J.: 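Quick one: the structure is below, and I'll ask about it shortly.
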Amino acid sequence: MKQYHPNEIEPKWQAIWEKTQAFEAEDFSEKPKKYIAEMFPYPSGYGLHVGHVRNFTIVDVLARFYRKLGYNVMRPFGYDTFGLPAENYAIKSGLPPQETTITNINHFREQFGRMGMGVDWSREINTSDPEYYRWTQWVFKRLFEKGLAYQADNFQWWCPVDKTVLANEQVENGRCWRCGSEVEKKRMRQWFFKITAYADELLACIDELDWPEKIKTMQKNWIGKSVGAEVEFEVLDQIPAKNKRQTHAKIKVFTTRIDTIFGATFLVLAPEHKLISQLVTKNTTSKVTQYVTNALRKSEVERQENKEKTGVFTGAYAINPMTKAKIPIWVADYVLGNYGEGAIMAVPAHDERDFEFAKKFDLQIIQVVENNDNDKCYHGEGKLINSGEFDGQQSDKAREEITKELIRRKIGKERTTYKMRDWLISRQRYWGAPIPIAYDKTGKAHVISDDKLPVLLPKITDYLPDDSGRSPLAKDEDFMKVVINGEVMTRESDTMDGYACSSWYLLRYCDPKNAKQAWDKRKADYWNPVDFYVGGDHAVAHLLYVRFWCKFFADEGLIDFREPVKKLLYNGYINAPDGKKMSKSKGNVIDPLEIVEQGYGADALRTYEMFIGPYDMDAAWATEGLSGVYRFLNRIWTLTQEYLKAQKSAQNHTKDQMLSKLQHSTVKRVTEDLHRNSFNTAVAALMEMTNGLYKLKVHGFSKDFESAIKTLLVLLSPFAPHLAAELFQQLGCDIDKAKWPKWDEKYLTAEKVTVVVQVNGKLRGKLEVETESLNDEAQLGKLAKSEPSVKKHLTGQKIKKIIILPKNRLVNIVI
RNA sequence: GGACGAGUGGUGAAAUUGGUAUACACGUCAGACUCAAAAUCUGAUGACCGCAAGGUCGUGAGGGUUCAAGUCCCUCCUCGUCCACCA
């Protein structure tokens with residue numbers, strides 16, 4: 001008998017699939033479509049790890065399942081090759097990123113193929129290909145023309161190791177998302193995409209998304225909408241040095257609690273605030289300057305670590321517009337420079353941070369909201385006190401009234417702010433899509449016209465980043481000089497954030513070879529939105545950016561949908577056997593190819609990773625679990641071999657009821673489980689069917705066995721496609737021609753069923769009854785009462801009530 | 001500090017709508033095959049009491065709703081993830 005050797009059959013089928021281009025998707029097919037994709041990987045130099053395999057297998061299982069159901073499935077693949085990780089890898093290995101990228105892609109593609117992934121290779125894309133980034137630049141141009149790509153001079157996050165600025169989304173706990181070093185603030189002129197223009201829509205649409213709640217909440221928090229008011233505080237004139245009147249300076253603040261303005265006893269400015277230098281007096285200048293310089297030099301981590309409030313008095317005072325009181329103006333780093341107005345009205349009686357600050361520096365505290373517990377610092381709602389004409393009003397009502405008053409006096413208005421900032425996209429790095437901009441002599445930015453795209457990234461030898469604050473491209477004179485309309489201009493030397501490239505690739509998959517436009521609208525509208533998008537990362541950054549660009553494209557009339565991803569499956573990680581994260585540095589990474597080569601094969605690896613637990617939970621790798629799954633596949637192999645051997649002598653006896661029931665119930669379970677993405681229980685159902693067939697075969701193989709085995713193989717094929725195809729072939733058939741099996745409920749109802757009998761909710765006995773007699777409730781109750789082990793519990797008791805549930809096959813006798 | 005998850009056998013886990021808790025797998029134990037081992041096949045396996053029949057307990061802790069709770073409600077504990085001085 002032939003043995004199960006995955007390493008013999010898997011390469012065979014992989015070659016067949018490649019040769020026949022078995023997984024090509026058809027644009028505008030009559031069949032209903034399914035667009036299924038993973039978040040495309042960055043092809044790292046280390047190759048695939050088992051975490052990738054889980055991610056890719058989920059996609060592959062869904063794609064193969066829906067193909068069998070008759071859908072026109074697009075399951076593309078591509079590589080996210082621009083960006084920091086790729087460039088850093090190239091620097092480390094001493095080779096140009098162009099070269100390492102190609103090597104890595106080839107390596108990835110090969111490994112990917114050996115996992116048996118059914119991909120439409122005609123749609124393969126690579127973001128660092130000029131034919132791709134040409135369109136990334138084109139998107140930039142359209143954003144620029146609509147005022148959604150702009151330059152601003154401001155304090156930015158700067159990574160001193162990677163020597164580039166970073167977007168807010170790329171700063172994690174004050175550290176660079178790539179190298180983990182503490183980020184600094186640097187004042188620089190940078191390019192931004194105005195994602196905040198879509199803040200409201202991005203927020204409003206979240207509720208309708210079929211995405212995990214966790215991700216939706218994270219996005220909501222990230223956008224961080226706050227509705228409140230903006231008020232101006234007039235700065236009191238300094239005692240003029242030369243008896244000259246100064247112009248009245250005003251300080252704007254944002255607050256969500258304008259109702260507490262009567263309790264605002266001081267103002268606090270962020271160290272970044274532009275007015276500080278005008279406010280200081282002779283006596284305070286040196287102290288304030290020192291504090292500000294110090295605060296700005298501090299890394300974000302340092303600023304966060306020390307939660308002890310610090311600050312310094314500017315020497316200036318402002319007037320509280322409601323109380324007319326003279327209140328001091330302070331500078332403190334607990335106020336953030338880039339949120340709201342970078343300045344606050346401090347209400348120590350009703351805000352903990354202000355309270356702490358007032359305590360430390362002995363500032364006035366005035367209660368303006370009543371609270372029963374007499375808390376010194378109370379931030380709830382309540383009745384206003386010490387608030388002049390507004391006394392006695394409820395705080396929420398007072399917010400509206402006071403805002404009206406401020407509007408009437410023209411010193412305030414309603415204001416909504418967001419935690420989300422605009423997306424900083426310029427990078428002072430080499431390995432990215434050049435920003436398609438050139439500057440004329442006056443420094444005005446001109447966007448490069450369509451016919452001059454792509455702005456090719458030149459091959460340069462010295463691409464190491466430096467501290468100049470400019471990308472290494474600035475050193476390439478040929479690149480920097482460009483003639484536009486006869487005028488010599490200087491190119492922008494910064495490149496775009498890699499996330500720009502990944503914000504539209506899902507559209508490019510629909511029309512990957514198009515040389516005339518980024519995509520054909522009809523194709524994009526046919527395939528999108530993505531039906532299943534699978535990944536385990538990028539909860540806010542990438543998944544927010546794709547939504548932003550989608551809305552922009554829709555506004556531009558380039559597509560007809562406003563949300564790019566219908567269903568998001570956020571898969572968990574595969575951890576090391578000890579539960580710790582796998583990482584190169586810990587040396588505990590498991591190489592999937594090694595697993596395959598050890599003899600387990602890709603099918604066992606794939607099936608194991610689906611069986612390991614619910615797809616969205618983290619799981620620890622266990623080799624014992626893998627061998628269990630291998631054993632299961634081996635049992636299917638053996639069973640089929642045994643059947644083939646006995647085939648000729650197989651009896652053509654009457655339909656085996658047990659066999660039909662097993663077959664149909666498994667079809668039902670697996671189909672329903674796949675529809676609800678319960679991959680682990682689907683595999684369990686296949687195992688049960690296999691075990692069931694082993695029990696049944698002791699009675700000898702019937703002819704019906706063949707259809708049962710074939711059904712099992714089709715159900716198995718999304719998980720273990722090689723084994724299924726091979727055994728199908730050995731049975732003399734082509735699995736490609738087999739449809740996903742259907743089940744018939746009539747086989748699921750047996751002649752006899754078990755009815756559970758409870759007494760007071762406790763299991764006391766079981767009845768075997770004819771299925772037909774289930775409907776006779778009176779009879780069922782009678783039977784239940786007379787069942788010997790139930791009867792025992794009823795003697796001498798009065799029966800209060802009998803609950804009979806034929807559907808649940810349950811009788812509960814209440815005494 | 002805030003938001004969101006999650007706590008079920010020795011282990012990974014199942015229970016889809018409130019209705020037989022622990023499916024499936026690992027591990028362990030036993031048996032078959034074998035000179036022997038591995039592989040394979042078969043069976044047992046929540047805890048406690050009992051020769052057995054059977055009984056008691058049992059889904060992080062405590063309370064509640066219900067004929068019936070892993071599932072719903074309240075209080076608390078532990079772990080995880082993300083965010084975190086956002087006015």
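This one's a predicted model, so the numbers in the text were calculated from it and none came from an experiment. Numbered from 1 within each chain, the chains take letters A, B, ... in sequence-line order.
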J.: Over how many whole Å does the gap from A/Tyr573 atom OH to B/rU81 atom C1' extend?
T.: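 So the two atoms are 10 Å apart, to the nearest Å.
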
J.: Pick the P atom in B/rC73 and in B/rA21, then give their distance to the nearest Å.
T.: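 Taking atom P in both B/rC73 and B/rA21, they lie 22 Å apart.
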
J.: Base, sugar-phosphate, or nothing for A/Asn691, non-hydrogen atoms under 4.0 angstrom?
T.: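 Sugar-phosphate, backbone atoms only, no base.
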
J.: Please state how far atom CZ in A/Arg809 lies from atom C1' in B/rA15, giving the value in whole angstrom units.
T.: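 Spelled out: CZ on A/Arg809 to C1' on B/rA15 is 14 Å.
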
J.: What is the nucleic acid contact for A/Arg415, judged by heavy atoms within less than 4.0 Å: base, sugar-phosphate only, or nothing?
T.: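 Nothing, no nucleic acid heavy atom in range.
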
J.: Identify which nucleotide among B/rG55, B/rC85, B/rU20 has an atom closest to any side-chain atom of A/Asp333, counting heavy atoms from C-beta outward.
T.: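 Selected nucleotide: B/rC85.
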
J.: Examine B/rA15: is either OP1 or OP2 under 4.0 Å from a nitrogen or oxygen in the side chain of A/Arg676? Give yes or no.
T.: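 Answer yes for this pair, as a side-chain N or O of A/Arg676 is under 4.0 Å from OP1 or OP2.
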
J.: Taking B/rG9 as the reference, what is the distance to B/rU28 when you measure between their C1' atoms (whole Å, please)?
T.: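 Rounded to whole Å, the distance is 13 Å.
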
J.: Consider only side-chain N and O atoms of A/Glu414 and A/Thr403, and report whether a donor and an acceptor are under 3.5 Å apart.
T.: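 Per modelled atom types, A/Glu414 and A/Thr403 side chains form no pair under 3.5 Å.
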
J.: Cut-off 3.5 Å, side chains only: do A/Tyr615 and A/Asn680 have a donor facing an acceptor?
T.: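 Judged by distance alone, the side chains do not pair up.
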
J.: What does the 5'-to-3' dot-bracket notation of RNA chain B look like when only Watson-Crick and G-U wobble pairs under 3.5 Å count, and pairs to other strands show as |?
T.: (((((((..(((......[....)))((((((.......))))))((((....))))..(((((..]....))))))))))))....

J.: Assign A/Glu213 to base, sugar-phosphate, or nothing according to its heavy-atom contacts below 4.0 angstrom with the strands shown.
T.: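 Result for A/Glu213 = nothing.
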
J.: What donor-acceptor contacts under 3.5 angstrom involve side-chain atoms of residues 798-805 of chain A, with partners at least two apart or in another chain?
T.:
none

J.: Determine whether the aromatic ring centres of residues A/Tyr570 and A/Trp211 are separated by less than 6.0 angstrom.
T.: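 They do not qualify: ring centres at least 6.0 Å apart.
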
J.: Send over the distance from A/Phe719 CZ to B/rC24 P, rounded to a whole Å.
T.: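 That distance rounds to 17 Å.
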
J.: On the side chain of A/Lys309, is there an atom forming a donor-acceptor pair with the base of B/rC85 - under 3.5 Å, no angle test?
T.: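 Result: at least one qualifying N/O pair found.
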
J.: How would you list all residue pairs meeting salt bridge (charged side-chain N to carboxylate O under 4.0 Å, His left out) that involve residues 252-270 of chain A, not counting sequence neighbours?
T.: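 Counting only pairs at least two positions apart or across chains, the salt bridge (charged side-chain N to carboxylate O under 4.0 Å, His left out) contacts touching residues 252-270 of chain A are A/Glu230-A/Lys252, A/Arg257-A/Asp259, A/Asp259-A/Arg399.
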
J.: For B/rA25 versus B/rA13, give the span between their C1' atoms, rounded off to a whole number of Å.
T.: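 Roughly 8 Å separates the two C1' atoms.
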
J.: When the nearest nucleotide of RNA chain B is assigned to A/Gly342 and to A/Lys792 on a heavy-atom basis, which residue is associated with the more 5' position?
T.: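 Here A/Lys792 is the residue nearer the 5' end.
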
J.: A/Thr217 side chain: which of B/rA3, B/rG19, B/rA23 is closest?
T.: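 Among B/rA3, B/rG19, B/rA23, the one nearest the side chain of A/Thr217 is B/rA3.
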
J.: For RNA chain B, whose closest nucleotide is more 5', that of A/Tyr630 or that of A/Asn812?
T.: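 That would be A/Tyr630.
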
J.: The side chain of A/Met687 is closest to which nucleotide in this list: B/rC24, B/rA87, B/rA15?
T.: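 Nearest nucleotide to the side chain: B/rC24.
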
J.: In terms of base orientation, is B/rG9 syn or anti, with the syn window spanning 90° either side of 0?
T.: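 B/rG9: syn.
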
J.: Over all strands shown, is A/Lys695 touching base, sugar-phosphate only, or nothing at heavy-atom distances under 4.0 angstrom?
T.: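 If one applies the 4.0 Å heavy-atom cut-off, A/Lys695 turns out to touch the sugar-phosphate alone, with no base involved.
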
J.: Whole-Å distance between B/rG18 P and A/Leu810 CG?
T.: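 Rounded to whole Å, this separation is 15 Å.
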
J.: Name the closest nucleotide to the A/Leu763 side chain, picking from B/rA23, B/rU20, B/rA14.
T.: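 Closest of the options to the side chain of A/Leu763: B/rU20.
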
J.: Roughly how many Å is it from CD in A/Glu609 to P in B/rG12, rounded to a whole number?
T.: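 Interatomic distance, CD of A/Glu609 to P of B/rG12: 18 Å.
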
J.: Heavy atoms only, 4.0 Å cut-off, all strands: where does A/Ile803 land among base, sugar-phosphate and nothing?
T.: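 Result for A/Ile803 = base.
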
J.: So, A/Glu609 versus A/Thr57: side-chain donor-acceptor pair below 3.5 Å or not?
T.: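 Checked: A/Glu609/A/Thr57 side chains show no N/O donor-acceptor pair below 3.5 Å.
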
J.: In whole Å, what separates the P atom of B/rA37 from that of B/rA44?
T.: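 Comparing P positions in B/rA37 and B/rA44 gives a spacing of 24 Å.
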
J.: Could you measure between the two C1' atoms, the one in B/rC57 and the one in B/rC77, and give it in whole Å?
T.: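 Approximately 23 Å lies between the C1' atom of B/rC57 and that of B/rC77.
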
J.: A/Pro614 near the nucleic acid: base, sugar-phosphate alone, or nothing, with a heavy-atom cut-off under 4.0 Å?
T.: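 Result for A/Pro614 = sugar-phosphate.
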
J.: Heavy atoms only, 4.0 Å cut-off, all strands: where does A/Glu356 land among base, sugar-phosphate and nothing?
T.: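 Here A/Glu356 touches no strand at all.
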
J.: Of all the nucleotides listed (B/rC57, B/rA14, B/rC24), which has the minimum atom distance to the side chain of A/Ala684?
T.: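 Ranking B/rC57, B/rA14, B/rC24 by closest atom to the A/Ala684 side chain puts B/rC24 first.
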
J.: Determine whether the aromatic ring centres of A/Tyr608 and A/Trp621 lie less than 6.0 Å apart.
T.: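 Yes, they do, as the ring centres are separated by less than 6.0 Å.
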
J.: Could a donor-acceptor pair under 3.5 angstrom be found where the side chain of A/Lys214 meets the base of B/rU81?
T.: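 A donor-acceptor contact between them is absent.
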
J.: Checking all strands, does A/Gly628 fall into the base, sugar-phosphate, or nothing category for heavy-atom contacts under 4.0 angstrom?
T.: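 Contact class for A/Gly628: sugar-phosphate only.
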
J.: Across the strands shown, which category fits A/Asn680 at heavy-atom distances under 4.0 angstrom: base, sugar-phosphate, nothing?
T.: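 Sugar-phosphate contact only.
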
J.: Quickly work out the A/Phe254 CZ to B/rA87 C1' distance and round it to whole Å.
T.: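 The distance from CZ of A/Phe254 to C1' of B/rA87 comes to 8 Å, rounded to the nearest Å.
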
J.: Flag the pair A/Lys220 and A/Asp207 as a salt bridge only when some basic side-chain nitrogen lies within less than 4.0 angstrom of an acidic carboxylate oxygen.
T.: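 Salt bridge present between A/Lys220 and A/Asp207.
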
J.: For a quick check of understanding: with a heavy-atom distance under 4.0 Å over all strands, which category does A/Lys762 fall into, base, sugar-phosphate or nothing?
T.: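 Since only primed, P, OP1 and OP2 atoms lie under 4.0 Å of A/Lys762, the category is sugar-phosphate.
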
J.: Using the P atoms only, state how far B/rU20 lies from B/rU65, rounded to an integer number of Å.
T.: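 One P to the other, the span is 22 Å.
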
J.: Assign A/Val756 to base, sugar-phosphate, or nothing according to its heavy-atom contacts below 4.0 angstrom with the strands shown.
T.: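 If one applies the 4.0 Å heavy-atom cut-off, A/Val756 turns out to touch a base.
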
J.: A/Lys309 and A/Phe357: which non-hydrogen atoms are nearest, and at how many Å?
T.: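 Residues A/Lys309 and A/Phe357, closest heavy atoms: CB-CD1, 3.8 Å.
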
J.: According to a strict under-4.0 Å criterion, is A/Tyr334 in side-chain N/O contact with OP1 or OP2 of B/rA87?
T.: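 No, A/Tyr334 has no side-chain N/O under 4.0 Å of OP1/OP2 on B/rA87.
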
J.: Take the protein atom NZ of A/Lys220 and the nucleotide atom P of B/rG5, then report the distance between them rounded to whole Å.
T.: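 Result: 11 Å.
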
J.: Mind checking if A/Arg635 touches a base, just sugar-phosphate, or nothing, with heavy atoms under 4.0 Å?
T.: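 The answer is sugar-phosphate, as A/Arg635 gets under 4.0 Å only of primed atoms, P, OP1 or OP2.
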
J.: Using atom C1' of each nucleotide, how far apart are B/rU45 and B/rA39 to the nearest Å?
T.: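 These two C1' atoms come out 23 Å apart once rounded.
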
J.: Can you confirm whether or not the ring centre of A/Tyr545 sits under 6.0 Å from the ring centre of A/His538?
T.: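 When the ring centroids of A/Tyr545 and A/His538 are compared, they turn out to be at least 6.0 Å apart.
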
J.: The side chain of A/Phe611 is closest to which nucleotide in this list: B/rA87, B/rG12, B/rG55?
T.: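 Within the option list, the nearest is B/rG12.
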
J.: What contact category does A/His379 fall into here, base, sugar-phosphate, or nothing, at under 4.0 angstrom with non-hydrogen atoms?
T.: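 Nothing, no nucleic acid heavy atom in range.
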
J.: Is there a side chain to side chain contact (heavy atoms under 4.5 Å, CB included) between A/Phe233 and A/Met345? Walk through the geometry before answering.
T.: CA-CA 9 Å; A/Phe233 282 68; A/Met345 63 172 210; 3.8 Å; yes

J.: Taking atom C1' in both B/rC72 and B/rC82, what distance in whole Å separates the two?
T.: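 To the nearest whole Å, 28 Å.
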
